[in-house]
Amino acid sequence: MAGSGTLSAFRLPPLPTIREIIKLFRLQAAKQLSQNFLLDLRLTDKIVKKAGNLTDAYVYEVGPGPGGITRSILNANVAELLVVEKDSRFIPGLQMLSDAAPGKLRIVHGDVLTFKVERAFPESLKRQWEDDPPNVHIIGNLPFNVSTPLIVKWLENVSCRDGPFIYGRTQMMLTFQKEVAERLTANTGSKQRSRLSIMAQYLCNVQHIFTIPGQAFVPKPEVDVGVVHFTPLVQPRIEQPFKLVEKVVQNAFQFRRKYCYRGLGMLFPEVERVESTGKLLELADVDPTLRPTQLSVSHFKSLCDVYRKMCDEDPLLFAYNFREELKQNKSKNQEKEDDKEKHRL
């Protein structure tokens with residue numbers, strides 16, 4: 001593969017346009033896969049430019065599709081571009097790009113949700129977490145149906161410093177439905193404030209860089225698209241295990257229009273709910289009448305720290321799931337009703 005220290009800027013030779021590639025290989029966006037192609041190379045160039053200086057960088061592109069962003073990345077003079085594409089229909093078009101950029105483009109036919117990127121790039125790229133981000137970047141125009149599960153998976157990788165973040169604080173530039181982009185970057189008190197806001201912002205510096213109008217895509221989605229940049233923080237704003245933070249945050253937003261004590265109460269079994277919820281909020285110094293959207297990352301830090309202590313005191317608490325208790329209660333009630341019915345007969 002191409003090494004660093006390239007003397008002259010690489011440019012792709014003249015190639016068929018993305019629109020022509022789509023016609024040539026009879027490609028159609030699969031609606032069930034939430035695929036939308038970005039054909040305007042000015043916009044793909046803008047996405048790549050906003051990702052930072054990619055000269056001699058190693059880039060991991062997810063969901064390249066017909067290769068619009070792929071071209072812009074290759075023209076940014078990268079050392080190597082690795083693309084992972086699940087849909088086999090796109091492989092011939094990507095292979096054409098690979099032939100035009102010898103030694104620059106590596107194609108993997110696979111699923112980004114299971115692909116092991118930690119084995120993909122040279123060990124020499126690894127940096128200490130406290131250092132500047134490594135010369136490794138993730139860029140992608142994600143299908144809408146995988147964007148949220150994928151970013152949650154990667155945020156957990158950030159927390160554990162594994163997966164793509166085994167190299168250090170790898171930066172990401174990704175597209176989302178505009179509403180999801182707004183959730184990821186929403187401030188305290190915003191209507192868009194959500195579980196995603198907290199999970200992203202406690203681990204990363206998150207910026208909504210710009211919005212792409214829906215009509216720039218083929219087929220045109222019903223929504224505009226937000227381009228979001230993530231840089232993992234040296235020190236997470238909440239220093240607790242990812243799954244614990246996720247549980248507290250998910251429960252807090254269970255009832256987003258109610259006071260926060262309502263959702264946070266679901267962390268505790270019914271018999272001790274009122275008492276334990278009161279204790280959690282008092283020790284965390286959180287006003288029980290705040291709405292979930294009004295809770296800051298600092299509030300969640302306090303809540304998670306106190307909940308962790310409560311779990312340490314009661315080893316069974318973290319495994320508690322209020323939905324399971326609801327099911328069991330329904331089942332018991334049904335059994336009682338059945339017994340009553342038998343006695344009537």
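Nothing here was measured: the structure is a model prediction, and the numbers come from that model. Excluded from the calculations below are hydrogen atoms, water molecules and symmetry mates; all remaining heavy atoms, backbone and side chain alike, are included.
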Count the heavy atoms of every other residue, nucleotide or ligand shown that sit under 6.0 Å from CD of E282, and state whether that count exceeds 12.
-> no

Could you check H137 against M172 for side-chain contact (heavy atoms from CB on, under 4.5 Å), going step by step and ending with a plain yes or no?
-> CA-CA 6 Å; H137 295 256; M172 300 183 281; over 6 Å; no

Do K50 and V227 have side-chain heavy atoms sitting under 4.5 Å apart?
-> no

Mind checking what makes salt bridge (Lys or Arg N to Asp or Glu O under 4.0 Å) contact with D305, not counting sequence neighbours?
-> K301

Does a sphere of radius 6.0 Å around CD in E275 hold more than 12 heavy atoms from other residues, nucleotides or ligands, not counting ones at 6.0 Å or beyond?
-> no

Does R308 come within less than 4.0 Å of D312, counting only side-chain N to carboxylate O?
-> yes

Quick one: do the N77 and T55 side chains pair a donor with an acceptor below 3.5 Å?
-> no

Does M310 reach the side chain of S276, with side-chain heavy atoms less than 4.5 Å apart?
-> yes

Evaluate ring-ring contact (aromatic ring centres under 6.0 Å, His included) for F37 paired with F90, printing each intermediate quantity in order.
-> CA-CA 12 Å; F37 305 148; F90 297 122; 5.6 Å; yes

Is a side-chain N or O of H109 found less than 3.5 angstrom from the main chain of D87, in a donor-acceptor match?
-> no

May I ask you to check whether over 12 heavy atoms, not counting those of Q215, lie within 6.0 Å of atom CD?
-> yes

For L12 and A101, work out which heavy atoms get closest and say how close.
-> CD2-CB, 4.0 Å

Mark yes when over 12 heavy atoms from residues, nucleotides or ligands other than K309 sit less than 6.0 Å from its NZ; otherwise mark no.
-> no

For A100 and F10, which heavy atoms make the closest approach, and how far apart are they?
-> O-CZ, 3.9 Å

Nearest-0.5 Å distance that lies between atom CG in L281 and atom OH in Y259 | 13.5 Å

Side chains of V83 and V108 in contact at under 4.5 Å (non-hydrogen atoms) = no

Do R161 and E118 sit within salt-bridge range, that is, some charged N less than 4.0 Å from a carboxylate O?
-> no

Answer yes if the side chains of D224 and T211 hold a donor-acceptor pair under 3.5 Å, and no otherwise.
-> no

Any chance the rings of Y60 and Y167 have centres within less than 6.0 Å?
-> no

Do T188 and R193 meet the criterion of a side-chain donor-acceptor pair at a distance under 3.5 Å?
-> yes

For L196 and T148, the nearest pair of non-hydrogen atoms, with its separation, is CD1-CG2, 4.1 Å

If you draw the axis of the six-membered ring of F318, does the NZ or CZ of K247 fall within 45° of it and under 6.0 Å from the ring centre?
-> yes

Kindly determine whether K279 and E313 satisfy salt bridge (charged side-chain N to carboxylate O under 4.0 Å, His left out), including the steps that lead there.
-> CA-CA 13 Å; K279 180 181 174 184; E313 289 164 9; 3.7 Å; yes

Side-chain (E324) to main-chain (N321) donor-acceptor, under 3.5 angstrom | no

Please report the closest heavy-atom contact between L82 and A120, naming both atoms and the distance.
-> CD2-CB, 3.5 Å

Side chains of S197 and Q192: is there a donor and an acceptor less than 3.5 Å apart?
-> no

Carboxylate-amine/guanidinium contact R273 E270, below 4.0 Å | no

Yes or no on side-chain contact (heavy atoms from CB on, under 4.5 Å) for R127 and D132, after CA distance, side-chain angles and deciding distance?
-> CA-CA 8 Å; R127 296 288 175 270; D132 288 340; over 6 Å; no

Any idea which heavy atoms bring P134 and G168 closest together, and the distance?
-> CD-C, 3.9 Å

Answer yes if L233 and M173 sit in the same cluster of Ile, Leu, Val, Met, Phe, Trp and Tyr residues linked by side chain heavy atoms under 4.5 Å apart, and no otherwise.
-> no

d(I138 CD1, Q171 CD) to nearest 0.5 Å is 10.5 Å

Does a side-chain N-to-carboxylate-O contact under 4.0 Å join K153 and E156?
-> no

Kindly compute the distance separating CG (L184) from CD1 (I198), expressed to the nearest 0.5 Å.
-> 11.5 Å

Does the side chain to side chain donor-acceptor pair (under 3.5 Å) test come out yes or no for D45 and S72, once each step is laid out?
-> CA-CA 5 Å; D45 283 347; S72 296; 2.6 Å; yes

For H299 and S296, does a side-chain donor sit closer than 3.5 Å to a side-chain acceptor?
-> yes

So, are E80 and K104 salt-bridged, with charged N and O less than 4.0 Å apart?
-> no

Calculate, to the nearest 0.5 Å, the distance between atoms CG and CG belonging to L303 and L295 respectively.
-> 6.5 Å

Start with the C-alpha gap between S159 and L203, add the side-chain angles, then the distance that decides, and say whether side-chain contact (heavy atoms from CB on, under 4.5 Å) holds.
-> CA-CA 7 Å; S159 174; L203 288 164; 4.1 Å; yes

Closest heavy-atom pair and its distance - F176, A181 = CB-N, 4.0 Å

What's the spacing between Y202 OH and Q235 CD if we round to 0.5 Å?
-> 12.5 Å

Spacing of K191 atom NZ and T293 atom OG1 [to the nearest 0.5 Å] | 11.0 Å

Would L244 and C304 satisfy side-chain contact (heavy atoms from CB on, under 4.5 Å), going step by step from the backbone distance to the final call?
-> CA-CA 7 Å; L244 184 142; C304 290; 3.9 Å; yes

Flag for Q240-Y307: side-chain donor and acceptor within less than 3.5 Å | no

Return yes if some donor-acceptor pair links the side-chain N/O of R169 with the main-chain N/O of D131 below 3.5 Å, else return no.
-> yes

Have Q95 and D99 got a donor and an acceptor in their side chains that come within less than 3.5 Å?
-> yes

